[in-house]
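Worksheet: one structure, shown below.
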Amino acid sequence: MTSFFILFQIKSNPHGHTCPPGGGGGKDKSKLAKTRWVADAILDWVRETPTIGPTALHGKLFEKYKINVQYMKIFYAKERALDRINGPWNESFQLLYTFKAEVETASPGSVVEIDKHTVKYKLKGKAMEKECFRRAFVCFKACWQGFLNGCRPYLAVDATALNGRWRGQLAAASAVDGHNWLFPVAFGVLEVESEESWVWFLQQLRNIIGTPSGLVIHTDACKGLETAVEIVFPGVEHRECMRHLAQNFKKKFKGKVYDENLWPASYTCSLRKHEHHLRVLYAHNPLVKEYMDEHHGKLWSRSKFNEICKVDYVTNNLAECFNAKFKSVKGLLLWQAFDKIRQMIMVKMALRKRIAETQYVGHLMLPSLIKALHAKARGLRMKCIRPSTYEAEVTYTDSKNREWRYPVNLATNECSCRQWQIRGKPCIHALHLMTVIGGEDGEVDQYCSEYFSVAKFRAAYAENVPALLGKDQWNIVDPGFKLHSPVLTRPPGRPRKNRIRAGEEGRVKKQRKCKRCGILGHIARRCTNPVDASFGEEEQWAAANAEENAAAEENAASLEDNAAAEENATSLENEATEVAAWYVCNLSIFCICSLFYRWLSLFLFDPALG
């Protein structure tokens with residue numbers, strides 16, 4: 001007997017999908033969307049924004065395809081999409097030598113150093129070895145020249161964790177220009193924060209900038225960094241971050257006396273005031289002196305800063321500014337991160353150079369500084385006794401009727417408060433004397449440090465970082481060996497992108513609302529504000545008309561329920577009609593096909609009909 005098959009092809013289906021949006025998996029998650037398909041779906045989004053996160057991609061996928069994909073599936077799909085766009089991650093480190101060649105060709109004098117080490121391993125019982133990436137250092141010529149020619153000799157050094165596949169550290173040395181704007185000098189990546197890695201980074205930096213006069217290096221609680229600074233830059237002024245010092249100090253000593261004297265001892269520029277606050281701390285607890293000498297031997301008070309640097313920062317916030325500015329590049333490939341940082345520095349340098357050429361023409365000092373000093377000089381209530389033209393004894397009376405006297409000498413740019421010598425800008429006592437003198441001799445421009453001049457600002461941004469070709473246009477450089485990815489030592493858990501801030505770093509405190517006046521910041525028992533006539537009327541009206549409001553809400557709810565029920569009934573009727581029509585149509589087709597098959601069987605196999 002011969003078998004026959006009849007095939008049917010459905011060309012259109014007028015009825016919509018009834019499958020759940022998630023694909024029917026557990027917890028409404030799609031099991032049908034595989035990692036390969038998700039990578040294809042998100043490829044354009046990742047190419048447009050390489051730093052986009054899995055959460056944002058999840059929203060885009062649900063918005064476009066109405067599917068709910070697992071977080072980790074999107075995470076691995078993004079890695080696969082990045083590999084398609086930029087090439088395999090393991091091979092991206094080889095491009096660092098090409099990036100080095102492009103930078104040094106476009107900007108002679110720029111430095112890109114790459115450090116590697118040999119890793120030995122066994123494969124199928126055979127001893128083998130390979131060259132693995134360890135650390136890198138980048139310093140553009142425009143950055144180190146601008147630092148030496150136009151910035152104050154101050155460097156804030158810090159590192160922040162990368163959050164890509166390699167859990168290295170993004171290290172940076174940042175300076176500050178006359179406008180107190182961030183000026184990146186050098187940056188790089190380290191395998192880990194250790195004494196060895198920091199010594200290597202700082203040695204590369206010293207080979208370029210040397211040791212300028214009055215150089216200050218500001219660090220925080222980085223592992224190995226304090227020792228590395230002493231090794232590479234012996235004799236320079238080494239400051240430690242006051243915020244980290246105070247945070248560690250509070251773990252050991254708690255009380256009002258410490259809060260009232262520790263930070264003032266750091267902020268004051270007067271050595272006498274600094275010693276007074278220390279005497280109060282030592283008298284309250286003799287263990288404070290032993291603790292400070294043992295654990296915090298670096299400089300942390302303005303009263304002991306040198307008078308050449310002209311930077312009075314007691315915290316290392318400048319380094320935190322760099323970390324926040326370039327936070328978006330920490331998840332990229334290394335050559336991508338370096339190139340992105342180069343572009344961001346280029347844009348900022350071009351903008352500031354344009355400001356210097358257009359807005360500062362004809363000015364000796366930076367206009368914003370002069371404007372701020374003129375605002376400080378207005379309304380000063382002080383007494384001035386002048387033994388000579390440029391010398392005076394300025395007396396200030398505080399709210400407790402105490403007299404504070406400060407000898408000022410305009411000829412030597414000195415004041416006994418030492419703020420002028422440390423900051424490079426006249427203090428309020430010197431400003432009062434200038435106001436008394438008046439005329440050309442009282443102009444504030446001539447008494448500011450040259451670091452705040454327009455000439456220094458222009459020198460800082462005289463050159464710009466080099467413009468480079470795109471990656472696809474690079475001439476690939478072969479260093480003679482294959483540079484493999486670094487040995488991964490990633491800790492367990494998902495890496496953090498945002499550092500958890502301590503309470504002293506500006507956490508927004510929850511404010512209490514006054515029940516009497518409705519203003520934030522105090523409670524009703526201590527309220528002294530006049531109460532607005534309209535305050536509380538809305539709540540009182542709502543309480544007085546609670547029954548009417550409840551009845552109105554019930555009526556509105558019942559109307560909404562009735563409308564929803566009618567809409568559901570209508571939709572059910574429509575669906576029932578469509579399903580019935582579909583069944584009738586399919587039943588008719590099935591009957592016709594059955595009759596045709598029966599007739600065909602009889603015609604072929606019945607001898608009487610044959």
Regarding [X] and the six-membered ring of [Y], is the cationic atom NZ or CZ under 6.0 Å from the ring centre and inside 45° of its axis?
X	Y	result
Lys130	Tyr121	yes
Lys116	Phe481	yes
Arg239	Trp300	no

**Item:** Evaluation steps, ring-ring contact (aromatic ring centres under 6.0 Å, His included), between Phe249 and His296
**Value:** CA-CA 10 Å; Phe249 187 89; His296 300 285; 8.0 Å; no
**Request:** Take Ser270 and Thr268 through the test side-chain hydrogen bond (donor to acceptor under 3.5 Å, both in side chains) and record every step on the way to the result.
**Result:** CA-CA 5 Å; Ser270 172; Thr268 181; 4.9 Å; no
**Phe187 vs Phe338, ring-ring contact (aromatic ring centres under 6.0 Å, His included): CA-CA, chis, key distance, verdict** = CA-CA 9 Å; Phe187 60 91; Phe338 292 166; 5.8 Å; yes
**Set of residues satisfying side-chain contact (heavy atoms from CB on, under 4.5 Å) with respect to Asp177, sequence neighbours excluded** =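 Only Cys151, His179, Trp181, Arg352, Phe457, Tyr461 meet the side-chain contact (heavy atoms from CB on, under 4.5 Å) criterion with Asp177.
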**Message:** Would you compute the distance between atom CG of Leu271 and atom NZ of Lys304 and round it to the nearest 0.5 angstrom?
**Reply:**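 Going from the CG atom of Leu271 to the NZ atom of Lys304 covers 7.0 Å.
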**Message:** The test is ring-ring contact (aromatic ring centres under 6.0 Å, His included); show your working for Phe140 and Trp144 and say whether it passes.
**Reply:** CA-CA 7 Å; Phe140 300 110; Trp144 64 261; over 10 Å; no
**Asked** Can you tell which of Arg80, Lys60, Lys78 makes a side chain to side chain contact (heavy atoms under 4.5 Å, CB included) with Ile42?
**Response**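 Exactly one candidate clears the test, Lys78.
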**Asked** Is the distance between the ring centroids of Phe137 and Phe201 less than 6.0 Å?
**Response**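 They qualify: ring centres under 6.0 Å apart.
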**Message:** Checking Trp335 now: which residues fulfil ring pair (Phe, Tyr, Trp, His ring centres under 6.0 Å) with it, not counting sequence neighbours?
**Reply:**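 For Trp335, the residues satisfying ring pair (Phe, Tyr, Trp, His ring centres under 6.0 Å) (neighbours in sequence not counted) are Trp474.
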